[in-house]
Amino acid sequence: MEQDLKKVIQKAIDLNVQRMSPTRARKFSENPARALYDLTGDYPWWTGDNKALDYGTIVHTYAENGTLDYLPEKTLERVKSKRGGLLLWTNEAVKVGQSLSEYFDNIKGEKIYEQELTISNDDGSRFHGFADVINDDDGDVSVYDIKTLQSMEFDKWIQREWAPDSLEQYIKQIAFYALVLGTEKATLVFIKKSDKTPFIHEYTLSKGELKQAQLDVWDEMKSALEIARGHSNPAAINDGSEWAYHYFGGKI
């Protein structure tokens, strides 16, 4: 598999990538070669089942005051048991989403959900991403990004101040949205995956934190484009993933 990297690099160059998101840029920052395989479709970044994706889809749908009827047909099929009833984790996702809906309903202003935001890079390419919630309170704009956490991870953060490993990347992501919107009001909304205690924790970025994250995410996206276009060599990192297992022949 390692010998195929040159072919993947050429395939990426042929794609002539003109768009980059904070999420994809994060992959390139963590493992450039693996991200390149993901970009070209030669090896997906994630190879697990659809449960996590479906869970998130349900949460976001209900957060936006939707119902299961709003789900794509294939998603709805996957979240039901063979007897047609909802799987247990589906019911939990619904409860979590409903809690988020109540949270946003209590925030004064007009809401825009799942809004794509784009901005031009100096070379004509576009940086883009989807903001979960944009709130406009009579011209006072704020942006929110929803993040679900496993119960144990949420409790460790609240009780022991062990922040999630992905917090830094989450900050960069929402900082980009704030940059495009021209606002300094950015809040990560963390919610505990629980049908009984779906606690919500707000993480509001400070002005200093926001500005630094905007510089970092901009550099990250530019660097990712350089690699995708073949202008920078993609390092291969043995990160313990399924991709790494095949790439490095099963050795750490």
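- Heavy atoms only, all atoms of each residue included: Ala244 and Asp239 are closest at CB-OD1, 3.4 Å.
- Listed for the Ser101 side chain is no donor-acceptor partner under 3.5 Å among the backbone atoms of Gly97.
- The environment of CD in Glu114 is crowded: more than 12 heavy-atom neighbours from other residues, nucleotides or ligands sit within 6.0 Å.
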Contacts table for residues 71-78: side-chain donor-acceptor under 3.5 angstrom, sequence neighbours left out:
| unit_1 | atom_1 | unit_2 | atom_2 | d |
| --- | --- | --- | --- | --- |
| Arg78 | NE | Asp54 | OD2 | 2.8 |
| Arg78 | NH2 | Asp54 | OD1 | 2.8 |

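- Heavy atoms of other residues, nucleotides or ligands lying less than 6.0 angstrom from CG of Leu88 number 12 at most.
- Side chains of Tyr103 and Glu202: a donor on one and an acceptor on the other come within 3.5 Å.
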Can I get a per-line list of side-chain donor-acceptor pairs under 3.5 Å for residues 214-222, giving both atom names and the distance, sequence neighbours left out?
| unit_1 | atom_1 | unit_2 | atom_2 | d |
| --- | --- | --- | --- | --- |
| Gln214 | NE2 | Ala175 | O | 3.1 |
| Asp216 | OD1 | Gln212 | NE2 | 3.0 |
| Glu220 | OE2 | Lys172 | NZ | 2.7 |

Kindly list each side-chain donor-acceptor pair under 3.5 angstrom involving residues 138-146, sequence neighbours excluded, with atom names and distances?
| unit_1 | atom_1 | unit_2 | atom_2 | d |
| --- | --- | --- | --- | --- |
| Asp140 | OD1 | Lys185 | NZ | 3.1 |
| Asp140 | OD2 | Lys185 | NZ | 2.6 |
| Asp145 | OD2 | Lys147 | NZ | 3.2 |

Applying side chain to side chain contact (heavy atoms under 4.5 Å, CB included), run through Ser125 and Arg229 and close with a yes or a no. CA-CA 12 Å; Ser125 59; Arg229 293 170 172 176; 3.4 Å; yes
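- Considering every non-hydrogen atom in both Trp243 and Ala236, the closest pair reads CH2-CB, 4.0 Å.
- Leu39 and Phe28 make their closest contact through CD2-CZ, 4.2 Å (heavy atoms, listed as atom of the first residue, atom of the second, distance).
- Taken from OH in Tyr43 to CG in Leu36, the straight-line distance is 15.5 Å, to the nearest 0.5 Å.
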Tell me which donor-acceptor pairs under 3.5 Å the side chains of residues 12-22 have, and how far apart each pair is, sequence neighbours excluded?
| unit_1 | atom_1 | unit_2 | atom_2 | d |
| --- | --- | --- | --- | --- |
| Asp14 | OD1 | Gln10 | NE2 | 2.9 |
| Asn16 | OD1 | Gln18 | NE2 | 3.0 |
| Arg19 | NH2 | Glu116 | OE2 | 2.7 |
| Arg19 | NH2 | His128 | ND1 | 3.0 |
| Ser21 | OG | Arg24 | N | 3.1 |

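- Under the 3.5 Å distance criterion, the side-chain polar atoms of Trp162 are left unmatched by any main-chain donor or acceptor of Asp165.
- Taken together through direct or relayed side-chain contacts under 4.5 Å among Ile, Leu, Val, Met, Phe, Trp and Tyr, Ile237 and Phe248 form parts of separate hydrophobic clusters.
- Both Ile134 and Tyr203 are assigned to one and the same hydrophobic cluster, defined by single-linkage of ILVMFWY side chains at heavy-atom distances under 4.5 Å.
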Between Gln169 and Gln173, is the side chain to side chain contact (heavy atoms under 4.5 Å, CB included) condition met? List the steps. CA-CA 6 Å; Gln169 290 299 330; Gln173 187 177 356; over 6 Å; no
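- Closest heavy-atom contact between Ala213 and Ile171: CB-CG2, 3.7 Å.
- Within the model, atoms NZ of Lys207 and CD of Glu184 stand 4.5 Å from one another, a figure rounded to the nearest 0.5 Å.
- Under a hydrophobic-cluster definition in which Ile, Leu, Val, Met, Phe, Trp and Tyr are linked whenever side-chain heavy atoms come within less than 4.5 Å, directly or via other members, Ile174 and Phe104 are assigned to different clusters.
- Other residues, nucleotides and ligands contribute at most 12 non-hydrogen atoms within 6.0 Å of the NZ atom of Lys211.
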Contacts under 3.5 angstrom, residues 186-198 side chains, donor-acceptor by atom type, not counting sequence neighbours:
| unit_1 | atom_1 | unit_2 | atom_2 | d |
| --- | --- | --- | --- | --- |
| Thr187 | OG1 | Thr204 | OG1 | 3.1 |
| Lys192 | NZ | Asp155 | OD1 | 3.0 |
| Lys192 | NZ | Asp155 | OD2 | 3.4 |
| Ser194 | OG | Lys196 | N | 3.2 |
| Ser194 | OG | Thr197 | N | 2.9 |
| Ser194 | OG | Thr197 | OG1 | 3.2 |

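- Under the 3.5 Å distance criterion, the side-chain polar atoms of Ser81 are matched with a main-chain donor or acceptor of Gly85.
- There is no side-chain donor-acceptor pair under 3.5 Å between Tyr177 and Gln115.
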Show, in sequence, the C-alpha distance, side-chain angles and deciding distance for Tyr55 and Val96, and conclude whether the side chain to side chain contact (heavy atoms under 4.5 Å, CB included) test is met. CA-CA 10 Å; Tyr55 191 106; Val96 169; 3.6 Å; yes
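- Cluster annotation: Phe130 is not connected to Ile112 through the hydrophobic network of ILVMFWY side chains, with a link wherever side-chain heavy atoms come within less than 4.5 Å.
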Under the criterion side chain to side chain contact (heavy atoms under 4.5 Å, CB included), I'd like the reasoning laid out for Asn65 against Gln98: C-alpha separation, chi angles, the key distance, then a yes or no. CA-CA 8 Å; Asn65 296 312; Gln98 290 172 334; over 6 Å; no
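- Residue Ile9 holds its CD1 atom at 10.0 Å from CD1 of Ile227, rounded to the nearest 0.5 Å.
- In terms of modelled atom types and a separation under 3.5 Å, the side chain of Thr90 and the main chain of Leu86 share no donor-acceptor contact.
- Proximity of a side-chain donor or acceptor of Asp38 to a complementary backbone N or O of Trp45 within less than 3.5 Å is detected.
- Under a 3.5 Å cut-off, the side chain of Asn31 and the backbone N or O of Lys27 do not form any donor-acceptor pair.
- Applying the ring-ring contact (aromatic ring centres under 6.0 Å, His included) definition to pairs two or more places apart or across chains, none involves residues 60-97.
- To the nearest 0.5 Å, atom CZ of residue Arg34 and atom CG of residue Asn238 are 11.0 Å apart.
- The closest side-chain heavy-atom distance from Arg26 to Glu30 is below 4.5 Å.
- Nearest approach of Ala52 to Asp49, heavy atoms of both residues: N-OD1, 4.5 Å.
- The hydrophobic clustering, which links ILVMFWY residues whose side-chain heavy atoms are closer than 4.5 Å, places Phe199 and Val94 apart.
- For the atom pair CG of Leu179 and CD1 of Ile119, the computed distance is 4.5 Å after rounding to the nearest 0.5 Å.
- For the atom pair NZ of Lys11 and CG of Asp42, the computed distance is 3.5 Å after rounding to the nearest 0.5 Å.
- Here the closest heavy-atom approach between residue Gly109 and residue Lys111 is recorded as O-NZ, 3.1 Å.
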